[in-house]
Every structure is written in structure tokens, then in C-alpha cells.
4 protein chains.
Amino acid sequence: MRVKDEIKQNAIIEATVALVNEIGFASSSVSKIAKRANVSPATIYIYYKNKDDLLVSTYIKIKTCLGEALMGDFDPSLPVHDTLMNAGAELFNYITKHRELFYFAEQFANSPYSDLVEKAQIEAAFQPLFELLQFGIDQKIIKDAPFELLLAHLYHPIFNLVNPRLNPHFKATQKNIDLAMSMAWDAIKL
Amino acid sequence: MRVKDEIKQNAIIEATVALVNEIGFASSSVSKIAKRANVSPATIYIYYKNKDDLLVSTYIKIKTCLGEALMGDFDPSLPVHDTLMNAGAELFNYITKHRELFYFAEQFANSPYSDLVEKAQIEAAFQPLFELLQFGIDQKIIKDAPFELLLAHLYHPIFNLVNPRLNPHFKATQKNIDLAMSMAWDAIKL
Amino acid sequence: MRVKDEIKQNAIIEATVALVNEIGFASSSVSKIAKRANVSPATIYIYYKNKDDLLVSTYIKIKTCLGEALMGDFDPSLPVHDTLMNAGAELFNYITKHRELFYFAEQFANSPYSDLVEKAQIEAAFQPLFELLQFGIDQKIIKDAPFELLLAHLYHPIFNLVNPRLNPHFKATQKNIDLAMSMAWDAIKL
Amino acid sequence: MRVKDEIKQNAIIEATVALVNEIGFASSSVSKIAKRANVSPATIYIYYKNKDDLLVSTYIKIKTCLGEALMGDFDPSLPVHDTLMNAGAELFNYITKHRELFYFAEQFANSPYSDLVEKAQIEAAFQPLFELLQFGIDQKIIKDAPFELLLAHLYHPIFNLVNPRLNPHFKATQKNIDLAMSMAWDAIKL
DNA sequence: GATGAATGAGCCTTCATTCAT
DNA sequence: GATGAATGAAGGCTCATTCAT
């Protein structure tokens with residue numbers, strides 16, 4: 001018998017992301033995705049249970065990747081400040097290099113599809129960051145606030161700024177990014 | 001006649017917002033909205049050119065309302081800090097009182113429908129805020145950064161935190177909101 | 001507004017019956033029926049909740065019609081024997097005149113769709129027949145057997161014989177029909 | 001090798017019959033049957049040319065079996081009446097013991113699939129019965145009527161009564177079966 | 001202005017079948 | 001012989017929109 005074809009699966013994922021970015025979430029039908037991936041609609045149902053599964057799986061994959069990119073190389077010997085700023089730079093890097101994936105994830109997270117995701121699964125990928133923040137709080141370097149609050153000020157502005165749908169005029173220059181990160185630090189530092 | 005019209009139109013808007021919040025954007029069909037509003041599908045096309053127009057108009061209306069609520073009573077005699085903090089509190093108030101409208105707007109802004117909106121039209125509603133920020137910059141009270149950057153740190157964290165889809169665990173207590181606003185001020189103040 | 005079009009509805013029913021007889025039950029898709037009825041597939045869903053509803057409704061309509069044809073003019077003054085034989089002739093008449101309807105009903109009754117039918121609804125249409133049989137039993141003209149048993153011998157052979165799928169070689173001559181009915185009488189008479 | 005084959009083939013047949021009885025004819029897809037039989041869809045195409053062939057073969061096998069069960073031990077020394085009544089009892093026995101097979105066959109015979117069957121092939125299996133009837137006619141024990149007519153009265157009522165789809169309320173007690181057979185005899189005897 | 005009927009296009013999914021291993 | 005992957009076609013149904021009243 002034939003064996004599942006990784007090339008095919010990747011083509012499906014890429015087609016999904018690309019199409020969603022081009023024509024949006026609601027208009028991206030299974031058959032359009034299939035056509036884009038040069039695959040039969042039925043083939044998609046070999047790799048995914050249904051359309052929801054396809055989208056959710058793609059989102060989780062992206063999000064997990066992002067987590068790894070962000071926190072893959074936390075250096076415990078560095079000061080908290082430096083590590084967080086590095087991660088911010090890394091985040092910006094990742095987004096710039098994988099714009100397609102990022103846009104898809106943003107659109108997904110703000111859509112009702114997001115409700116289908118086991119949130120804990122994603123939070124797990126960000127565990128190291130939580131631990132670092134806790135350490136910063138304990139060391140009285142960072143304000144003693146819930147994680148969500150800290151993250152909302154630390155990284156979310158970047159997410160927001162870098163999204164052309166939300167900030168069409170923003171220029172993602174190095175200077176602006178540095179500025180954004182330094183403002184973020186001002187927000188959370190004690 | 002006129003009165004009747006407005007009742008029907010409001011019913012349509014309310015149905016749209018409610019349905020989108022319940023079953024999501026893509027699943028909210030015109031006929032479902034019509035049924036929810038106790039109106040014929042055809043009637044919707046009397047008030048709106050098409051489905052896009054219905055959704056876009058609803059979004060713009062909400063966004064304009066929000067702008068008015070936020071900046072309706074800027075008191076030029078108050079310090080910049082106080083005015084911005086007041087507006088933040090007002091923002092939070094508005095969201096709490098009109099959760100439905102807010103959720104709809106967020107989902108809309110992050111969807112491809114957003115691309116259909118003339119952004120300038122909405123920015124106009126926030127002109128007073130821009131002027132205030134510029135004044136703060138000129139007075140060397142606020143960091144000299146592009147408006148988007150300032151706003152991304154000033155109000156966007158609130159938007160983010162208050163959205164249960166993005167932050168399911170966040171408790172919107174007064175203490176947390178105050179904390180968030182004070183962090184926001186730390187971020188933008190010079 | 002437009003009003004529901006009886007012509008259209010009849011076209012749908014006729015198309016359903018004709019198609020099912022031609023290409024069979026399982027192959028008769030909604031869109032094929034629609035095409036045959038010169039109607040959009042969507043239109044069918046205005047008149048019927050779904051495919052099952054279309055088929056079940058059609059069956060019930062046919063069965064009810066048959067009941068009326070069979071027992072529409074029971075003459076209480078005639079002997080039981082004559083009434084039953086007349087009804088048999090009527091039954092044969094009806095089948096001959098409405099072969100299409102009959103074949104459809106037979107195929108339906110023996111398919112799993114049949115399970116969707118509220119049997120009581122159909123039995124109601126045959127109440128007069130049950131009463132007549134009971135009268136015959138009470139008068140010691142007919143064997144004292146459950147109704148199903150009597151009917152299985154009285155009319156079911158006709159149903160069976162007249163169905164070319166089950167009896168391709170049977171010639172439905174008057175002589176054969178008369179013979180069949182007289183055999184039926186021999187079976188049930190005391 | 002050979003043994004293995006037969007096990008697999010039987011699993012396929014059993015799965016087919018069971019599934020058709022459970023979810024009906026039209027919904028029984030090849031892949032569902034395969035899953036039920038713990039076999040790959042492709043495997044079915046090793047044993048059968050296509051889906052039609054699978055169903056038709058299964059039907060013919062059942063029908064042939066039934067013929068053998070019915071007429072396997074005709075005893076020429078017995079009176080015609082006794083032989084026919086015995087066969088009736090045998091028929092009822094067979095149906096009771098192999099309900100699944102019987103239901104499948106009934107559904108099949110009344111569906112368009114039935115048109116694919118070479119009828120002569122099946123009639124052959126019932127040759128002894130025809131000969132016995134002819135003998136009864138010649139001996140002036142049985143009415144001189146076409147075989148179909150005789151059979152329609154002799155055994156068809158049993159088929160009808162015993163099918164819960166057609167007679168949901170009928171109780172197949174020994175008394176009722178005996179009664180049915182005696183009525184059948186009354187119908188055909190001279 | 002307001003309506004429910006009507007529609008062709010398209011939705012998601014499964015089908016019967018074949019392919020490559 | 002046996003398998004699961006792969007597929008174009010078709011399945012039932014709903015969509016955004018227009019028509020006739």
C-alpha cells in the first residue's frame with residue numbers, strides 16, 4: 001500500500017495558510033484549499049478529520065513553533081531584562097520571517113474557531129516564559145501582576161503593531177521595534 | 001413610518017451582533033440574521049446593499065460610538081495623565097456595558113471584512129485623542145513615538161485583556177484594570 | 001411576496017415518483033429530482049424539510065390516496081364477500097391506473113425509509129376495512145384470525161403478483177385477477 | 001491460504017448483511033462494509049467485481065440457501081398437502097433462524113438492485129417446488145392456476161407477515177403460523 | 001416598504017473505485 | 001493477496017441575493 005505523503009501534507013498546510021491570508025477565513029473553502037495544494041478535496045480528509053480539524057491543527061502547529069522559536073534558547077545566566085528583550089527581538093524576527101504563519105494565527109485566534117482549541121496545550125509551550133516572569137517578580141525586578149497583565153503589556157503591543165490589518169501605517173523599522181520593546185519594559189519593570 | 005423603520009433597523013443590527021457573537025462570523029448567514037430579527041431576508045436588503053454592507057456598517061457604527069464615549073468629555077484643563085487615565089477607565093466602562101458590541105468589533109477588526117472599511121473614517125473619530133497625545137509629546141510628558149506605538153501600549157493591552165477569547169482566565173477586577181492602566185502610563189510617559 | 005406554487009410542488013412529487021421508478025431509490029438524488037422537476041435543488045427545501053421528508057411525505061400521500069380509493073364507497077348493504085371482492089377489484093384498478101405511484105410505494109415500504117413513517121397514520125386510512133373484517137368475523141363469515149393474517153392472505157397476493165420486480169412473468173389478465181381474488185376468499189372465509 | 005480467504009470472504013458477507021439491515025441499503029457504502037469486516041476497501045474488490053456484484057452475489061447466495069433449506073428433503077411418498085405444509089414450516093424455521101439473511105433478501109428483492117439478478121438462476125433452485133405443484137394440479141388436488149398465483153397465496157403471506165417492517169405488530173406464534181399455513185392451503189386447494 | 005418564494009452557485013463531506021507498495 | 005492512500009464525481013444542503021406580490 002501507499003504511504004502517507006509528507007510532501008502532500010505540507011502542501012495542504014501551506015495552501016491553507018496562503019489562502020486564508022489572501023481571501024480570508026470564511027471564504028477559504030476546502031475545495032479551494034485542495035485546488036491550491038494540487039490535491040483532491042477528498043485527500044484532505046485523509047489527513048484531517050474535517051475542515052475544523054485542518055484549521056485547528058494548522059493553528060496549533062504554528063503556535064507551538066512560535067513558542068519554540070521564542071524560548072528555544074533562554075540563557076539562564078543573563079539578566080531577566082536582557083532575556084525578555086531578546087525574546088522580543090526573536091519574536092519580531094519570527095514574525096518577519098514567517099509573516100504568512102503569523103497573520104493566519106492572528107486571524108484564527110480572534111475567530112470563533114479559536115474556541116475549539118485546547119488552550120492549555122498552547123500555554124504549555126510558553127511555560128519557560130511564565131517561569132522567567134515569576135522569577136523576575138520574585139527578584140522584585142518586575143511588577144507583581146498576573147501573567148496575563150504582564151504579557152498584555154510586554155509582547156502584545158508588538159503583535160498589534162506588526163499586524164497590517166490593525167496598523168496599516170506602522171513602519172516596522174528596527175528603531176520602532178526597539179522603541180516598542182523599551183516601552184514594554186517600562187510598563188512591566190518595577 | 002419613520003419610527004417603524006428604526007425599530008426594524010435596530011432589530012437587524014442587534015440580531016447581527018448577537019448572532020455573530022454566538023455562532024461566529026462565517027456561520028452568520030443573512031437568513032439566520034433575518035430570522036433572529038423577525039424580519040424577512042429581503043427586508044435586510046432594503047436597509048443594506050448586501051451582506052458586506054450590513055456587517056461593515058454595523059462595525060463602523062459601533063466604532064464611532066466607542067470613539068464618542070471615549071472622548072466625549074475631554075476636559076482640556078486636566079493634566080494629560082489624568083485625561084488619558086480617565087479615558088482608559090471610560091473605555092473599560094464602555095466595554096463592560098456593551099460587551100456584545102465590543103466582541104463583535106474585535107472579531108470584525110481581525111477578519112478580512114476589516115479590509116473593506118475606510119480606515120480614515122474611523123480614525124477621524126479618534127482625532128481628539130491624537131491631538132492630546134501630540135500635546136503630551138510637545139510638552140515632553142509623553143515619549144516622542146508614533147501614535148500607533150503609543151496607542152499600542154496605552155489602550156491595546158486593555159482590549160486584549162478584556163477579550164475572553166484571548167485571555168480566558170483574566171479577571172477584570174477594578175484592581176487589575178487600575179494596574180493595567182498604570183502600567184500603560186509607565187510605558188508611554190517620558 | 002410570491003405565493004407557494006402548487007404546480008411546482010406537484011412537479012416535484014411527480015419527478016420524485018418517476019425518477020425513483022426509473023433509476024431506483026438510492027440513486028435518486030435531490031439534484032436529479034430537481035432537474036427532472038425543472039426546479040432548483042434549493043426549491044425542494046422550501047417545500048420539504050429535507051430529502052427524507054420529501055420521500056416520506058410522498059409515500060404517505062400515495063398511501064392515503066390508495067386508502068380512499070379502496071374504501072371510498074363501501075356499501076354497508078352488500079354482503080361482506082361482495083364488498084371485499086369489490087375492494088380487491090378497486091385495488092387492482094387503482095394499481096393499474098397509477099402504476100407509478102404503486103411501484104414507488106412498494107419500493108418505499110420495503111426500504112429503511114419505511115421506518116421513518118408513523119405507521120398509525122397510515123393504518124387510520126384503512127380503518128373501514130378493519131371494521132368490515134371484524135364484522136365478518138362476528139358474523140362467522142370470516143375466519144377468526146388477527147387482521148394482519150387476514151390481510152396478508154386477502155390483498156397481499158395481489159400486491160405481490162402485480163409487482164413486475166417480484167413476478168416478471170405474471171400476466172395481469174382479468175381472469176387471473178378474478179382467480180386471485182377467489183383464492184383469497186377461500187383463504188379467509190370460514 | 002485457502003482457509004484464510006474463506007474467513008475473509010465470510011466476514012465481508014456478514015458485514016454486508018448486518019450493515020444493510022442496520023443502516024439500510026443506500027447508506028451502506030463499500031468502505032463502511034470494509035470497516036465492519038475488518039478489511040481494506042480494496043480487498044473487497046479482490047473478491048467482487050464491484051459494489052453491485054457484492055450485493056447481488058450475497059443475495060443469490062442467500063436465496064439459493066433458502067431454496068435448499070426449503071426443498072432439500074422433499075419426500076415423494078408423502079401427500080402433496082403434507083409436503084407443502086412441511087415446506088411452509090421449514091420456511092418459517094429458516095426465516096426465524098436466519099432473520100438477518102431474510103431481511104436483507106427482502107430489502108434487496110424490492111429494490112432496483114433486484115433488476116440485476118438473473119431471475120432464472122434463482123427459479124432453478126425452486127424447481128422441485130414447481131414440479132410438486134404441477135403434480136398437485138395434475139392430480140386435481142390443487143387449483144389449476146399459474147405457479148405465480150399459487151405461490152403468491154401459498155408462501156408469500158408468510159414472507160409478508162414475518163417482516164417486521166411490513167407487519168410490526170404481528171406475533172409469530174406457532175398458532176399464528178399454523179393458521180397462516182392452513183389459510184394458504186384453503187386458498188390453493190381445489 | 002415589506003415579504004416569503006425562488007434560485008444557481010457553492011458549501012463540506014463521502015462515494016466507488018484504483019493506485020502503489 | 002492484501003493494504004491504506006488517493007481521487008474526481010457526486011452527495012445533501014445552505015448561501016447571498018432577487019423576484020413577484
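Within every chain, numbering begins at 1; the chains are lettered A, B, ... in the order of the sequence lines, protein sequences first and strands thereafter. This structure is a prediction, so every number in the text was calculated from the model and none was measured.
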Worksheet entry | A/Arg36 with A/Glu22: basic N within carboxylate O range, under 4.0 Å |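 Counted as a salt bridge, because a side-chain N and a carboxylate O are separated by less than 4.0 Å.
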Worksheet item: Should the ring pair A/Tyr113 and A/Phe108 be called parallel, tilted or perpendicular, given that the plane angle runs from 0 to 90° and is split at 30 and 60?
Response: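 Geometry flag for A/Phe108 against A/Tyr113: parallel rings.
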Item to complete: Report the distance from atom CG of C/Asp53 to atom CG of C/Leu116, rounding to the nearest 0.5 Å.
Response: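 Going from CG on C/Asp53 over to CG on C/Leu116, the span is 10.0 Å.
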Practice prompt. State whether the side chain of A/Thr43 and the backbone N or O of A/Val39 hold a donor-acceptor pair below 3.5 Å, judged by distance alone.
Written response: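 The answer is no, because no donor-acceptor pair under 3.5 Å joins these two groups.
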Worksheet item: Between the side chain of B/Thr16 and the main-chain N/O of B/Ile12, is any donor-acceptor distance below 3.5 Å?
Response: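 A pair under 3.5 Å: yes.
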Discussion item. Measuring from the side chain of C/Lys8 (C-beta onward, heavy atoms only), which nucleotide among F/dA5, E/dC12, E/dT7 has the closest atom?
Written reply: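 The listed nucleotide nearest to C/Lys8's side chain is E/dT7.
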Worksheet item: Going by number, which of residues 14-23 of chain D have a non-hydrogen atom under 4.0 Å from DNA chain E?
Response: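 Listed by number, there are none.
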Practice prompt. Using heavy atoms and a sub-4.0 Å distance, could you list which residues of residues 33-46 of chain B are near DNA chain E? By number, please.
Written response: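 B/Ser40, B/Ala42, B/Thr43, B/Ile46 - these, ordered by number, are the residues of the stretch whose heavy atoms sit under 4.0 Å from the strand.
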Side-chain heavy atoms of [X] within contact of [Y], under 4.5 Å:
X: A/Ile62; Y: A/Val17; result: yes
X: B/Leu19; Y: B/Ile23; result: yes
X: B/Ser114; Y: B/Lys119; result: yes
X: B/Phe25; Y: A/Ser111; result: no
X: A/His98; Y: A/Cys65; result: no

Report the distance from atom [atom1] of [X] to atom [atom2] of [N], rounded to the nearest whole Å.
X: D/Leu55; N: E/dA16; atom1: CG; atom2: C1'; value: 12 Å
X: C/Arg2; N: F/dA20; atom1: CZ; atom2: P; value: 6 Å
X: C/Ile7; N: E/dA6; atom1: CD1; atom2: P; value: 11 Å
X: B/Ile12; N: E/dG1; atom1: CD1; atom2: C1'; value: 12 Å
X: B/Gln9; N: E/dA2; atom1: CD; atom2: P; value: 10 Å
X: C/Glu6; N: E/dA5; atom1: CD; atom2: P; value: 14 Å

Worksheet entry | Any A/Ser29 side-chain N or O less than 4.0 Å from OP1/OP2 of E/dC11 |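 Affirmative; the distance criterion is met.
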Worksheet item: At under 4.0 Å, does any side-chain N or O of D/Lys49 touch on OP1 or OP2 of E/dA16?
Response: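 Indeed not, no polar side-chain atom of D/Lys49 lies that close.
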Worksheet entry | 5' precedence on DNA chain E between D/Lys32 and A/Val3 (nearest-nucleotide basis) |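 Counting from the 5' end, the first nearest nucleotide belongs to D/Lys32.
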Discussion item. Quick check on DNA chain E: between C/Asp5 and D/Ser31, whose nearest nucleotide comes earlier from the 5' end?
Written reply: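 Going by which nucleotide is closer to the 5' end, it is C/Asp5.
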Worksheet item: Using a cut-off of 4.0 Å on non-hydrogen atoms, how would the nucleic acid contact of C/Val30 be classed: base, sugar-phosphate, or nothing?
Response: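 Counting heavy atoms under 4.0 Å across all strands, the contact made by C/Val30 is with sugar-phosphate only.
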Practice prompt. Just call it for C/Tyr47: base, sugar-phosphate, or nothing, with non-hydrogen atoms closer than 4.0 Å on any strand.
Written response: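 Sugar-phosphate: the residue C/Tyr47, judged by heavy atoms under 4.0 Å, touches backbone atoms but no base.
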Fill in: Axial cation check for C/Tyr47 ring with C/Lys4, 6.0 Å and 45° limits
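Yes, a cation-pi geometry.
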Practice prompt. Specify the angle, to 10°, made by the local axes at the two ends of the helix from E/dA2-F/dT21 to E/dT21-F/dA2 when five pairs are taken at each end.
Written response: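 Angle reported: 10°, given to the nearest ten degrees.
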Worksheet item: Taking the six-membered ring where the residue is Trp, are the ring centres of A/Phe104 and A/Tyr59 under 6.0 Å apart?
Response: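 For A/Phe104 and A/Tyr59, the ring centres are not under 6.0 Å apart.
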Worksheet item: Closer to the 5' end of DNA chain F via nearest nucleotide, is it B/Lys51 or C/Asn50?
Response: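 Result of the comparison: C/Asn50.
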